[in-house]
Amino acid sequence: MARHRHSSVGVALVFLVLAVPARGQVEDRLEAYTGRNATGYLAPLVDAFRSNLNSGLFHTAHVPVSGFHAGIEFNIMSTFFGEDSRTFLATTENGFSPEMTVEAPTVVGGTESVTVVGDASLKYTFPGGFNVDNMYFSCPQVTVGSWKGTEAIGRLILFDTGVSDLGRLSVWGAGVRHSLSQYMARLHPVDLAIAGYWQDAEVQNESDQEVIDARLATVSLQSGIRLGSFYPYAGLSVNWWRTHVRYEFDDLGSTAPVDLSFVTSGDLQMTLGVSYRVGFLAAYGEYNLAEQNTVAAGLSVNFPFSNRSVTQ
């Protein structure tokens with residue numbers, strides 16, 4: 001039966017570029033999905049992208065009340081896909097009769113397709129996935145403070161997808177953290193802080209047309225305690241996430257764009273981690289529990305050399 005390409009091709013290409021070294025036949029596998037199935041098919045990659053963006057945002061809950069300090073951090077985030085991410089319930093489309101719902105591979109699932117037979121022996125095939133194990137990327141991050149126990153955070157990711165129809169992926173993020181410990185002397189030596197972050201991701205093709213626009217807002221409660229050179233920390237975040245895809249297929253003889261949106265409100269993410277500090281250097285590792293669980297690790301260099309790493 002006839003099947004049409006969808007904007008999911010665009011978003012899948014971007015995420016697969018981040019997730020696997022070889023994309024191979026992405027459009028062929030996605031031709032079957034036009035509407036309701038597209039969200040379920042792509043959801044694991046979209047959730048992983050959100051979890052990655054919301055990782056590595058902090059590795060200490062200590063915010064000095066006053067005095068200048070700055071940190072340069074290098075973060076790596078990775079999401080590993082479990083078995084529950086590899087299938088979803090898909091429903092036949094485009095007037096196929098009778099309508100059937102089956103368990104089919106997601107974009108990160110197995111490569112084998114699933115075929116059902118309907119009236120007049122017509123066949124409908126749900127494409128296989130790409131057997132993706134994980135998605136990862138890295139980003140630099142800068143922290144500057146303090147003013148009345150408040151510091152600013154910024155991060156930037158610039159990535160060339162290498163796909164002419166997609167072009168460049170850019171992510172920028174900014175946020176502020178405020179010390180709650182300064183008001184709660186009885187908590188000592190436990191550090192407590194509240195933070196808010198905003199991250200914006202977009203993909204523009206070679207014609208500077210926006211293909212993907214994603215926004216992530218996060219409010220986070222963070223805690224930690226220094227135990228010698230070790231600093232265990234934990235955080236609980238609430239996230240608001242929206243991804244909008246706008247894509248055109250000139251080969252269909254139409255310039256009318258198609259749209260696909262993923263929206264999540266009030267999504268929770270818990271962070272558990274530990275950092276190890278020696279002088280002005282700190283290395284950390286953490287595990288984030290979310291819709292797609294994520295691990296992150298990084299290294300930070302702190303200025304002035306005698307401030308944050310030693311006194312906290």
Side-chain angles (χ1 to χ4, degrees), residues 51-79 136-155 173-197 199 218-239 268-290 293-312:
S51 296
N52 277 356
L53 286 181
N54 208 36
S55 300
L57 290 171
F58 76 103
H59 53 84
T60 174
H62 176 73
V63 183
V65 176
S66 61
F68 172 77
H69 70 265
I72 300 176
E73 305 169 7
F74 303 92
N75 304 314
I76 299 175
M77 308 85 157
S78 181
T79 299
Y136 67 91
F137 60 79
S138 61
C139 75
Q141 186 166 293
V142 177
T143 302
V144 179
S146 280
W147 180 75
K148 295 185 178 180
T150 303
E151 64 183 13
I153 303 101
R155 57 167 41 175
V176 293
R177 292 203 309 158
H178 184 72
S179 171
L180 297 179
S181 303
Q182 62 180 315
Y183 310 114
M184 306 173 186
R186 289 179 296 180
L187 282 179
H188 185 77
V190 175
D191 297 318
L192 193 65
I194 189 169
Y197 305 95
Q199 297 186 74
T218 302
V219 175
S220 176
L221 182 64
Q222 303 166 357
S223 64
I225 183 172
R226 183 173 183 183
L227 302 174
S229 296
F230 290 93
Y231 190 92
Y233 61 92
L236 181 63
S237 302
V238 183
N239 310 301
L268 295 179
Q269 182 161 329
M270 178 176 288
T271 300
L272 300 172
V274 62
S275 65
Y276 182 79
R277 302 170 183 275
V278 179
F280 59 89
L281 295 176
Y284 80 91
E286 68 181 41
Y287 189 77
N288 293 274
L289 292 87
N293 297 337
T294 299
V295 295
L299 179 69
S300 69
V301 182
N302 303 285
F303 308 93
F305 294 153
S306 61
N307 190 13
R308 300 182 76 205
S309 301
V310 177
T311 61
Q312 67 178 20

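Here, residue 1 is the first one in the sequence, and each next residue gets the next number.
Using a 4.5 Å heavy-atom threshold, the side chains of F280 and V301 count as touching. Taking the side chain as every heavy atom from C-beta outward, S66 and S146 never approach each other to under 4.5 Å. For the pair E286 and N288, the minimum side-chain heavy-atom distance is below 4.5 Å. Between V176 and Y197, the closest side-chain pair of non-hydrogen atoms is not below 4.5 Å. Residues V63 and T150 form no side-chain contact, since every pair of their non-hydrogen atoms from C-beta on lies 4.5 Å or further apart. Two residues are said to be in side-chain contact when any heavy atoms from C-beta on lie closer than 4.5 Å; K148 and Q182 fail this criterion.
Heavy-atom minimum distance, T143 versus E73: OG1-OE2, 3.5 Å. Between S275 and H59, the shortest heavy-atom contact is OG-O, 3.6 Å. Nearest heavy-atom pair, S237 versus N54, reported as atom, atom and distance to 0.1 Å: CB-ND2, 3.8 Å. Taking both residues in full, the closest heavy atoms of N52 and M77 are given as O-CG, 3.5 Å, listed atom of the first, atom of the second, then distance. Nearest heavy atom pair, residue R177 against residue T60, reads NH1-O, 2.5 Å. Scanning all heavy atoms of the two residues, the minimum distance from Y284 to G56 falls at OH-CA, 3.4 Å.
By the ring pair (Phe, Tyr, Trp, His ring centres under 6.0 Å) test, Y276 is found to be paired with F230, residues two or more places apart in sequence or in another chain being considered. For S181, the side chain to side chain contact (heavy atoms under 4.5 Å, CB included) partners at least two apart in sequence or on another chain are S179, D191, L192.
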_Would F137 and N75 count as a side-chain contact (heavy atoms from CB on, under 4.5 Å) here? Give the steps._
CA-CA 9 Å; F137 60 79; N75 304 314; over 6 Å; no
*Determine, step by step, whether H69 and E151 satisfy the side-chain contact (heavy atoms from CB on, under 4.5 Å) criterion, reporting the C-alpha distance in whole Å, the side-chain angles of both residues, the deciding distance to 0.1 Å, and the verdict.*
CA-CA 9 Å; H69 70 265; E151 64 183 13; 2.7 Å; yes
_Trace of the ring pair (Phe, Tyr, Trp, His ring centres under 6.0 Å) decision for Y233 with H62_ = CA-CA 10 Å; Y233 61 92; H62 176 73; over 10 Å; no
*Report the C-alpha distance between Q269 and N239 in whole Å, list the side-chain angles of each, state the deciding distance to 0.1 Å, and finish with yes or no for side-chain contact (heavy atoms from CB on, under 4.5 Å).*
CA-CA 8 Å; Q269 182 161 329; N239 310 301; 3.7 Å; yes
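Checked by atom type and distance alone, the side chain of Q222 never pairs as donor or acceptor with a backbone atom of F58 at under 3.5 Å.
One finds the CG atom of L180 at 10.5 Å from the OG atom of S223 (value rounded to the nearest 0.5 Å). Annotation: the span from T271 atom OG1 to L57 atom CG amounts to 7.5 Å, rounded to 0.5 Å.
For the side-chain contact (heavy atoms from CB on, under 4.5 Å) test with S55, the passing option among T294, I76, N293, V295 is T294; the others fail.
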